[in-house]
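What follows is one structure encoded as structure tokens, with my remarks underneath.
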Amino acid sequence: MQQADRVTVTFLFSDIEGSTKLLERLGERWPATLEAHRRVVRAALEACGGTEHGTEGDSFFASFPSAAAGVGAAALIQRGLAETAWPEGAELRVRVGVHTGEAQRSGEG
């Protein structure tokens, strides 16, 4: 493997804690809640120069060119979620993990 194939990158992973129970409790209000969550996360990724690599359900996987950008996005996500008016009885608790390390590109990304 060539050194050019490796790059130091910061990864961000997030998901809503207890999303299955929250979905059951919110019922028909869940899609709007999930969409509001996605808007907050995507705004933070964009503001900090992140690249979204995937989302499944309520989770996100993104990367950033620096640790400062990844941590900044995590902070913006938490602030944005705290400032969002959620449906009555809903409390969105979102886990956000940030990891910086050497990554290797593969054929899939």
Side-chain angles (χ1 to χ4, degrees):
M1 171 178 27
Q2 305 258 341
Q3 192 65 17
D5 294 337
R6 296 181 181 179
V7 61
T8 299
V9 65
T10 296
F11 296 106
L12 180 144
F13 302 91
S14 73
D15 74 318
I16 298 173
E17 184 179 316
S19 60
T20 301
K21 289 182 182 180
L22 188 59
L23 179 154
E24 291 169 355
R25 193 168 75 234
L26 292 177
E28 64 187 36
R29 295 176 296 171
W30 172 250
T33 301
L34 184 59
E35 184 55 35
H37 161 260
R38 288 178 176 162
R39 279 193 303 272
V40 168
V41 174
R42 287 187 171 126
L45 298 181
E46 184 177 336
C48 294
T51 301
E52 182 180 325
H53 295 284
T55 182
E56 186 172 325
D58 60 279
S59 67
F60 275 86
F61 169 41
S63 66
F64 297 85
S66 71
V71 171
L76 281 178
I77 289 168
Q78 294 299 338
R79 282 190 204 113
L81 294 171
E83 295 169 356
T84 300
W86 303 105
E88 186 178 321
E91 178 187 356
L92 248 65
R93 296 173 51 93
V94 176
R95 297 177 283 222
V96 181
V98 178
H99 173 80
T100 299
E102 191 174 84
Q104 177 183 342
R105 294 192 184 274
S106 71
E108 296 177 6

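When side chains are defined from C-beta on, Phe13 does not count as touching Arg95, because their heavy atoms never get closer than 4.5 Å. Counting only heavy atoms from C-beta outward, the side chains of Leu34 and Leu23 never approach each other to under 4.5 Å. With contacts defined as side-chain heavy-atom distances shorter than 4.5 Å, the pair Glu91/Trp86 does not qualify. The closest side-chain heavy-atom distance from Ile77 to Phe60 is not below 4.5 Å.
In this structure, Gly70 and Val98 approach most closely via the heavy-atom pair O-CG2, 4.0 Å. Closest approach of Gly72 to Cys48, counting heavy atoms only: C-SG, 3.7 Å. Among all heavy-atom pairs drawn from Ala44 and Leu76, the shortest one is CB-CB, 3.7 Å. Annotation for Val94 and His37: closest pair CG2-CD2, 3.9 Å, computed over non-hydrogen atoms. The two residues Gly49 and Pro65 make their nearest non-hydrogen contact at O-CD, 3.7 Å.
By the neighbour-count criterion of 12 heavy atoms within 6.0 Å, atom CD of Glu52 is densely surrounded, having more than that number from other residues, nucleotides or ligands. Within 6.0 Å of CZ on Arg38 lie more than 12 heavy atoms contributed by other residues, nucleotides or ligands. Open room surrounds CD on Glu56; 12 or fewer heavy atoms of other groups in view lie less than 6.0 Å from it.
Note that CD of Glu28 is 11.0 Å distant from OG1 of Thr33, once rounded to the nearest 0.5 Å. Taking CD from Gln78 and CD from Glu83, the interatomic distance works out to 11.5 Å, rounded to the nearest 0.5 Å. Distance CG/Leu81 to OG/Ser14: 8.5 Å, rounded to 0.5 Å. The OG1 atom of Thr55 sits 10.0 Å away from the CG atom of Asp15 when rounded to the nearest 0.5 Å.
A donor-acceptor distance shorter than 3.5 angstrom exists from the side chain of Thr10 to the backbone of Ala67, with no hydrogens or angles considered. Under a 3.5 Å cut-off, the side chain of Trp30 and the backbone N or O of Ser19 do not form any donor-acceptor pair.
Under a hydrophobic clustering in which Ile, Leu, Val, Met, Phe, Trp and Tyr are joined whenever their side-chain heavy atoms come within less than 4.5 Å, directly or via other members, Phe64 and Val71 fall into the same cluster. Both Leu26 and Val40 are part of a single hydrophobic cluster, where members link through side-chain heavy atoms under 4.5 Å apart.
His53 and Phe61 have tilted rings, their planes meeting at an angle from 30° to 60° on a 0 to 90° scale.
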